[in-house]
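To start, the structure itself, in structure tokens.
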Amino acid sequence: DGATALDVADGNVTVTDSLTVSGGLVAPLQINAQTGTTYTFVLADAGKLVTASNGSAQTYTVPPNSSVAYATGTTITVIGIGAGKVTLAQGSGVTINSVDSEKAINGQHASVTLLKTASDTWQLVGNLQA
């Protein structure tokens, strides 16, 4: 009959098929606070803000689709809140396209966004430096 099952309990909504939202979905942006010098993105980072807080240089790696299968259209935003330079790295077989091939966040409190456009291809946009 084309109906989709929907459960609402204790303020939580469970959809057992697919959900289409008209007019946009408003919710607090979830934050994954990272403090180490290396980090590899995980599936749970999809659509989130990842903060990079360390005084030393940091490398954040985009894993290949064979390891972490993000949906095409996935975005991940990264803000460098520490003093250390944050560089985005390509995992095995991954291509990150960006203006002038720059892959580092341009200073403390600057941000970039990764956008997955194909299986192992991402666009990196934002406040970048070499």
Please, which pairs that meet ring pair (Phe, Tyr, Trp, His ring centres under 6.0 Å) have at least one residue in [range], sequence neighbours excluded?
range: residues 73-99; result: none
range: residues 74-100; result: none
range: residues 89-118; result: none

Please enumerate all residues that pass side-chain contact (heavy atoms from CB on, under 4.5 Å) together with [X], with sequence neighbours excluded.
X: Asn32; answer: Gln34, Tyr39, Asp45, Val50
X: Ser56; answer: Thr37, Asn54
X: Glu102; answer: Asp100, Leu128, Ala130
X: Thr51; answer: Ile31, Ala33, Leu49, Ile81

Test side-chain contact (heavy atoms from CB on, under 4.5 Å) applied to Thr75 and Lys48, step by step: CA-CA 8 Å; Thr75 62; Lys48 288 186 182 174; over 6 Å; no

Pairwise side-chain contact, Val94 with Ile96, heavy-atom cut-off 4.5 Å (strictly under):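 In short, these two side chains touch, coming nearer than 4.5 Å.
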
Flag side-chain contact, heavy atom, 4.5 Å: Leu115 against Val125: no

Tyr70: partners by ring-ring contact (aromatic ring centres under 6.0 Å, His included), with sequence neighbours left out: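 By the ring-ring contact (aromatic ring centres under 6.0 Å, His included) rule, Tyr70 matches Trp122.
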
Atom of Val86, atom of Gly80 and distance for their closest heavy-atom approach: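 Taking every non-hydrogen atom into account, CG2-CA, 4.2 Å.
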
Quick one: list whatever passes side-chain hydrogen bond (donor to acceptor under 3.5 Å, both in side chains) with [X], sequence neighbours left out.
X: Asn97; value: none
X: Lys85; value: none
X: Thr77; value: Thr113
X: Asp120; value: none

Over 12 non-hydrogen atoms of neighbours within 6.0 angstrom of CD in Gln30: no

Sidechain-backbone polar pair: Gln129 side chain, Ala104 backbone, donor-acceptor under 3.5 Å: no

Test side-chain contact (heavy atoms from CB on, under 4.5 Å) applied to Ser98 and Gln123, step by step: CA-CA 6 Å; Ser98 59; Gln123 300 297 314; over 6 Å; no

Step-by-step side-chain contact (heavy atoms from CB on, under 4.5 Å) determination, Val68 to Val42: CA-CA 7 Å; Val68 181; Val42 296; 5.7 Å; no

